[in-house]
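Working notes, structure below.
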Amino acid sequence: MKNILFLAAAVMLTACGGSSKNSSGGHAARHDQSEACGDNHHGEDHEPQADCNDHDHSHDHDHGHSHGGHAGHSHGYSGEIPGGAQEIVFTREQAELAGLRYEKVQRGPFRQVIETYGEISPAPGDRVSVVAPSEGVVSFSGSALAEGAKVGAGVLLFTVSSSRISGGDLFAVNRASMDKARADYERAKRLREDNIVSEAELDALSAEYESARIRYESLTEAGTGRGAAVTSPVSGYIYGIRVDEGQYVQTGEILATIGRSRTMELRAEVPQRYYSKVAAVTDANFTVPSSDSVFNISGLGGSLISVGSAVGASRPTIPVVFRFPYDPAILTGAFAEVRLLGALRNDVLTLPLSAVTEQQGLYYVYIRTGEDTYRRCEVTIGGSDGRRVEVLSGLAPGDQVVVRGAVNVRMASASGSIPHSHEH
């Protein structure tokens with residue numbers, strides 16, 4: 001009995017060792033060995049990015065194990081690509097429905113990018129201040145007076161009244177002055193007929209009356225006598241209101257600012273650490289919350305105006321100023337995300353921003369490997385100009401990358417619905 005047990009053990013050892021020695025390194029031989037010896041490890045662990053640029057996509061490996069007497073039953077490829085990456089099946093019909101678009105990766109020119117922030121405002125020549133013609137208490141013309149409201153030239157904005165302040169009502173004082181000047185002028189005209197008043201004296205009294213009349217009419221609102229009327233000097237929109245209803249103001253104090261909607265200004269604030277690079281800036285891309293578009297300064301017909309060479313105490317940043325024609329899609333006063341475009345670099349791999357997806361701090365793209373197959377590939381990205389992004393590693397020229405609909409491919413990958421073919 002002991003001899004029989006000893007013989008059986010020796011036979012088992014010989015079987016395991018023999019299958020290992022007779023293995024030719026092929027996939028099917030390793031699978032047979034694992035079936036016989038209980039080894040469940042069918043491959044080695046690899047970094048996900050290790051074989052992103054390996055474009056040999058012949059993955060038809062047959063698993064030659066039999067099940068329950070079904071001779072020749074072959075278990076199809078499970079989706080694993082050499083290197084640990086996983087094949088994603090996305091049919092042509094699905095791609096058309098999802099609107100997938102592709103771009104072949106190639107090297108080309110790309111501008112050095114400085115990412116920062118800025119603000120949109122009217123250009124200085126387009127900002128007109130509205131000032132108080134006299135001292136007094138401010139009254140708004142109506143509830144429609146608000147920042148951003150459109151106004152026409154000559155439209156009443158405020159009324160400044162001095163009837164309730166010490167020193168007297170300026171309206172009444174100027175009316176009395178005008179009445180006196182008019183009376184003196186009328187009397188001089190009669191005396192001139194008798195040559196009692198000279199022509200020069202008459203002209204002086206006429207000028208004095210005209211000045212008094214202008215001062216008086218500047219303090220009235222269409223002759224109603226409610227105070228000094230303050231109207232918009234130009235057509236445009238209200239960029240800022242500097243006073244409150246009922247506030248006391250002095251003569252010449254700014255009440256509001258009117259933008260003429262002709263030229264806009266982008267002022268970008270650049271951190272000091274980019275001082276050595278900011279001199280090369282010639283253009284900029286920017287986005288604003290009111291629009292999904294990426295605006296380009298030169299594309300809008302604008303240009304660079306100045307690059308600061310000093311910083312101030314209130315703003316310890318370097319100002320870079322652009323001007324461009326008014327665009328109704330860009331709100332004045334809006335915050336902007338700015339990408340300053342500097343020196344041109346050649347031989348740079350770039351992709352549209354839409355091609356890159358992010359997951360847990362890592363960035364991925366999806367490479368088309370066949371008619372219906374894709375592969376996820378981790379990439380390292382560099383700067384972005386708001387439209388395209390530099391790819392530092394993970395891709396090679398010639399890779400066909402999904403640049404529209406990458407999210408759909410990612411969802412297909414996450415679903416784990418990778419088909420297994422079964423041949424009988």
Side-chain angles (χ1 to χ4, degrees), residues 46-58 81-88 90 95 98-116 270 273-274 276-287 293-300 304 337-359 361-410 413:
H46 296 271
E47 292 296 327
Q49 191 178 337
D51 285 286
C52 278
N53 295 322
D54 181 4
H55 302 292
D56 182 9
H57 305 303
S58 57
I81 294 174
Q86 196 172 56
E87 186 176 73
I88 304 162
F90 206 76
L100 261 60
R101 295 291 182 270
Y102 317 98
E103 180 177 309
K104 186 174 290 187
V105 177
Q106 57 185 351
R107 297 186 181 275
F110 190 66
R111 304 286 292 273
Q112 185 181 71
V113 178
I114 301 174
E115 296 189 21
T116 184
V270 183
R273 65 178 179 272
Y274 296 118
S276 61
K277 299 179 180 179
V278 76
V281 169
T282 58
D283 204 349
N285 292 337
F286 67 94
T287 57
S293 300
V294 178
F295 298 97
N296 174 257
I297 292 293
S298 58
L300 291 169
L304 174 69
E337 293 185 7
V338 184
R339 291 171 174 86
L340 302 175
L341 307 179
L344 185 67
R345 294 183 295 140
N346 293 309
D347 203 35
V348 179
L349 283 178
T350 65
L351 283 175
L353 278 173
S354 58
V356 182
T357 63
E358 187 269 339
Q359 187 175 1
L362 300 177
Y363 297 95
Y364 298 94
V365 299
Y366 292 89
I367 298 175
R368 191 183 188 196
T369 59
E371 184 70 23
D372 296 327
T373 56
Y374 302 81
R375 184 172 75 254
R376 187 178 77 162
C377 183
E378 182 184 340
V379 295
T380 304
I381 63 174
S384 168
D385 63 4
R387 295 174 176 172
R388 299 185 72 86
V389 61
E390 179 181 5
V391 180
L392 301 176
S393 66
L395 291 179
D399 286 340
Q400 193 172 28
V401 176
V402 178
V403 297
R404 180 180 172 186
V407 174
N408 299 85
V409 183
R410 174 181 172 179
S413 171

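In what follows, residues are counted from 1 in the order of the sequence shown. When reading the values below, keep in mind they use all heavy atoms of this one structure, side chains included, and skip hydrogens, waters and symmetry mates.
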(request) Quick one: list whatever passes side-chain hydrogen bond (donor to acceptor under 3.5 Å, both in side chains) with Arg345, sequence neighbours left out. (result) Glu390

(request) Apply side-chain contact (heavy atoms from CB on, under 4.5 Å) to Arg387 and Arg339, showing your working. (result) CA-CA 10 Å; Arg387 295 174 176 172; Arg339 291 171 174 86; over 6 Å; no

(request) State, yes or no, whether a side-chain contact exists between Leu351 and Val105 at a heavy-atom distance under 4.5 Å. (result) yes

(message) Is it the case that the side chain of Ser354 and the backbone of Val403 share a donor-acceptor pair, with hydrogens and angles ignored and the cut-off at 3.5 Å?
(response) yes

(message) Restricting to salt bridge (Lys or Arg N to Asp or Glu O under 4.0 Å), what partner residues turn up for Glu358, sequence neighbours left out?
(response) none

(message) Can you tell me how far apart CD1 (Ile367) and OG1 (Thr373) are? Round to the nearest 0.5 Å.
(response) 11.5 Å

(request) With the side chain counted from C-beta on, respond yes when Val389 and Val356 share a heavy-atom pair under 4.5 Å apart, and no when they do not. (result) yes

(message) The criterion is side-chain contact (heavy atoms from CB on, under 4.5 Å); which residues satisfy it with Ala284, sequence neighbours excluded?
(response) Ile297, Phe322, Val338, Leu340

(message) Going by side-chain contact (heavy atoms from CB on, under 4.5 Å), name the residues that satisfy it together with Thr287, two or more places apart in sequence or in a different chain.
(response) Val294, Glu337

(request) With sequence neighbours excluded, give me every side chain to side chain donor-acceptor pair (under 3.5 Å) pair touching residues 105-114. (result) Arg111-Thr282

(message) Suppose we screen for side-chain contact (heavy atoms from CB on, under 4.5 Å). Which residues come up paired with Ala95, at least two apart in sequence or across chains?
(response) Phe90, Leu100, Tyr102, Tyr374

(message) Are the side chains of Leu392 and Ile381 in contact, using a 4.5 Å heavy-atom criterion?
(response) no

(message) Tell me the closest heavy-atom pair linking Gly394 and Cys377, and the distance in Å.
(response) O-SG, 3.1 Å

(request) Only counting residues at least two apart or in another chain, list the ones meeting salt bridge (Lys or Arg N to Asp or Glu O under 4.0 Å) with Arg388. (result) Glu103

(message) In the structure I gave you, are the side-chain heavy atoms of Val401 and Leu395 within less than 4.5 Å of one another anywhere?
(response) yes

(request) Quick one: list whatever passes side-chain hydrogen bond (donor to acceptor under 3.5 Å, both in side chains) with Thr116, sequence neighbours left out. (result) none

(request) Could you tell me whether the side chain of Ser384 reaches within less than 4.5 Å of the side chain of Val113, counting heavy atoms only? (result) no

(message) A side-chain contact here means heavy atoms from C-beta on lying under 4.5 Å apart; do Val281 and Leu341 qualify?
(response) no

(request) Name all residues meeting the ring-ring contact (aromatic ring centres under 6.0 Å, His included) criterion together with Phe295; count only those two or more places apart in sequence or in a different chain, and write none if there are none. (result) Phe286

(message) Against the six-membered ring of Tyr366, is Arg376 placed for a cation-pi contact (under 6.0 Å from the centre, within 45° of the normal)?
(response) no

(message) Taking side-chain hydrogen bond (donor to acceptor under 3.5 Å, both in side chains) as the definition, give me every residue that meets it alongside Asp385, ordered by chain and number, with sequence neighbours left out.
(response) none

(message) What's the separation between atom OG1 in Thr357 and atom OH in Tyr364, rounded to the nearest 0.5 Å?
(response) 8.5 Å

(message) I'd like to check the salt bridge (Lys or Arg N to Asp or Glu O under 4.0 Å) partners of Arg404; sequence neighbours left out, ordered by chain and number.
(response) none

(request) Please name all residues satisfying side-chain hydrogen bond (donor to acceptor under 3.5 Å, both in side chains) with Asn285, sequence neighbours left out, ordered by chain then number. (result) Asn296

(message) Is there a side-chain contact between Val402 and Val365 in this structure, where contact means two heavy atoms from C-beta onward sitting under 4.5 Å apart?
(response) no

